[in-house]
Amino acid sequence: MSENVVHLHKAPDGPAARPVPLWVRSGRAVKSAVTHERTRSAGRAVVRHGLYTFNGGRIVTRRAWDGRTGARYERMIRAAEAAGNLEAAEEWEERLSRFRAARHHRRMDLLHLPVDAAKGVAVGVGMSVGVLVALGVVMAISTGQVADVVTPLSATIDFIALLIRIVQIVWGPAVTIGPFLALLALWAVGRQQQAAPHWALPANVRSGEGEPITPSIVVKALRDLGIPALRNAIKEMGDAGASMLGPITIAGCGVEVDVTLPSGVSTIEVQNRRRKLAENLTRHEHEVFITIPQAARTVRLWIADSGALDEPIGPSPLVTDETLTADYAKGKAPWGQDLRGDAAALSLYQRHLLITGLSNQGKTAALRALALWLVLDRTVEFRIADLKGAGDWAMFDGLATVLIQGPTDDHVVEATEMIEDGVAEMERRLQAPPGTAFPPLILLVDEAQVAFMCPLVDADKRPYGGSKATSRYFMAARKIHNQGRAVNVLLWQGTQDPTDQNLPKLVREGAHTRASLALGTESQARMALGDKAVDGGAAPNLLRPGLDKGTVVVASDGIAIPAGQSSITVRTHYIDTDTATEVAERAKRMRDGVTTLRVIDRGEDRDPLADIHSVFGESPRLVTQDVLKRLTALNEDAYGRWTFADLRRVLDGTGAEPYKSDGRMVVARERLTRALANRDADGSASAS
């Protein structure tokens, strides 16, 4: 068999591979050659320079046409009419009339031009010959030679003959080279205007990363959005669409510009193409925000400097200013910065609050930052239920009068009773004499979806969770939303993934301040912020999960929102747990001391460390969850409601802290034994 037809390839130390036909190998070679980067670069170069020349010709032709006709004026008239500026349209129409009158006058002059030119040539030649003859006569008199009379005339004729000869020599090469020079000129015009598809441009031009935003870039980005009515309107505008744009102003870490859309183009069409608009502006999707101002048929574009939104903002004033205090009625919580770089402060006065977002996006940190500011007002009382129980609110022990921490159904029961106690307090205040002043009472439930989805029912068969009229948590929240604001009893809730199941409509619409971090879908965004905010441009579903942590979209009358907008985007200050504990300690020093009612009461007659050691039996180590189960079996009254946070609190500092083994948190019996021995030894030494 010929080698040119089939080749057998053997793998090392293995059997022969299947034969590869020649046509397959040839096809692979052709594919490799076509897809090779050098081939693609060469192809882009050919297309680029060819279109430079072709489109350069179009540009020159259009310029010549505009110079010879009234096309430019007609485009300006149509642009002014499209913008509704009738005064400008009349002015351009008057200029067009003057242009046409001047053109008519020039054309009429052309009818008399041949006769006038002939007369001018005859008179000019006659005068020139007369001058040359007179000069020859003067030379003849001076030299005494009669032949000098025609010398000037003869020299002029010889000079003209030389010029004709030069033209004859140069004409041939000029005719040959001229077209190439013309093409080069057209290529230069096209290259200067970058008149080629974006994909064919050089890599450094294609990237455009971080290039400044100019009117031409904005108009081109709008033109290429794929909206036919917008593209055609821009083409017809004599100023190439510049009349659509307001001033481009610096706004924080980006720029802002208002765009008045031409007739036939709706704002929703532009909003729905946010990603394409961002890419046309050489930005990422999250770096372009589209909102709807008050002006009709107008969109407001905020365009970030490339990469600016990935830079962290500065620390919270709660951290940098240790003298900072709060004022519930007149003050505003320093929450972060808006996209313009201005400080964003939120008023909490008589406003129920709801903050939502996907898990691990900074919801608790954003909510806690507001509470840390307000707790600096010593008149405010907090009752907190943290249904996650990871210790995020532990620093409020000694500040909050009630602190519930844990994710179990029993913790939901306690949280529900806390809200119902708030309802009772609200009703007591509502029946107080008119004019009675009431201190603010904040009922805060973090991870509220746990309460709404709780399956437990009480002794009267009333469910704790759900959204029916029999649901205890739901009805308590509704009652506070209905009347609590009037007597300073407020409900703050934080929840994940808002849906009708874990956040009923009546509850979410009862919040005066609604904020959302990154969400998954537009329907969730509408549940979180409401239809009005989303229709006005709010899009928490377009925030990047994991990358835009702490960035919230806020709909509230308690924060300064630009006129005509229904929401504002805020990059919140991040206060970590250790720093939050320091701020809480400052608040404790301002107060006379608060006794916090805790849900978990271990009892003073128990020795938790010894009990933990006793449940091990002969096991060298136990998973923390098993430790909690055995403690519950040992004494349910003392340990039945313990969480991992309670277990860790007892073991911290003993040397027997839980540690991770094979991906699970465990406790070692040997370390517990050593911790008990050390404690007993310290106690004996103290006794002696």
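Positions are given from 1 along the sequence. Keep in mind the model is a prediction, meaning the values are calculated, not measured.
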Legend entry - Modelled atom types, side-chain donor and acceptor of D578 and T581, under 3.5 Å: no
Legend entry - Check: R478 side chain, A476 main-chain N or O, donor-acceptor pair, under 3.5 Å: no
Legend entry - Within-4.5 Å side-chain heavy-atom neighbours: N280 and K220: no
Inset, instruction - Could you give me the CA-CA distance, side-chain angles and deciding distance for R428 and E425, then say whether salt bridge (charged side-chain N to carboxylate O under 4.0 Å, His left out) is met? - result: CA-CA 5 Å; R428 182 190 68 79; E425 173 65 14; 2.6 Å; yes
Inset, instruction - Go through the side-chain N and O atoms of E269 and Q271 and say whether any donor and acceptor fall under 3.5 Å apart. - result: no
Inset, instruction - Verify the distance criterion only: is there a donor paired with an acceptor across the side chains of E256 and T249 at less than 3.5 Å? - result: no
Inset, instruction - Kindly say whether L354 contributes a backbone atom to a donor-acceptor pair with the side chain of T513 at under 3.5 angstrom? - result: no
Legend entry - Salt bridge flag under 4.0 Å for residues R514 and E509: no
Legend entry - Donor-acceptor under 3.5 Å (H573 side chain, G314 main chain): yes
Legend entry - Smallest separation among heavy atoms of H411 and Q405, with atom names: NE2-O, 3.1 Å
Legend entry - Under 3.5 Å donor-acceptor, R300 side chain and T291 backbone: no
Legend entry - Polar side-chain atom of R591 near backbone of D377 as donor-acceptor pair, under 3.5 Å: yes
Inset, instruction - Assess whether atom CD1 of I250 is packed by more than 12 heavy atoms of other residues, nucleotides or ligands within 6.0 Å. - result: no
Legend entry - Donor-acceptor contact present, side-chain Q361 to main-chain G546, <3.5 Å: yes
Legend entry - Cation over ring face, R274 and F289, 6.0 Å, 45°: yes
Inset, instruction - Verify, without hydrogens or angle tests, whether D258 (side chain) and G246 (backbone) share a donor-acceptor contact under 3.5 angstrom. - result: no
Inset, instruction - For the pair H352 (side chain) and H512 (backbone), establish whether a donor and an acceptor sit closer than 3.5 Å, ignoring hydrogens and angles. - result: no
Inset, instruction - Could you check D338, L529, V570, T569 and say which one makes a side chain to side chain contact (heavy atoms under 4.5 Å, CB included) with V554? - result: V570
Inset, instruction - Verify, without hydrogens or angle tests, whether R297 (side chain) and L261 (backbone) share a donor-acceptor contact under 3.5 angstrom. - result: yes
Legend entry - Salt bridge D446-R368, side-chain N to carboxylate O under 4.0 Å: no
Legend entry - Heavy-atom closest contact (D392 atom, D386 atom, distance): N-OD2, 4.1 Å
Legend entry - salt_bridge(R586, E322) N-O dist < 4.0 Å: no
Inset, instruction - Taking atom types as modelled, find out whether N488 and Q350 have a side-chain donor-acceptor pair closer than 3.5 angstrom. - result: yes
Inset, instruction - Return each pair, listed once, that meets side chain to side chain donor-acceptor pair (under 3.5 Å) where at least one residue sits in residues 535-546; pairs must be two or more places apart or across chains. - result: H286-R544, D310-R544, R526-D535, R544-D548
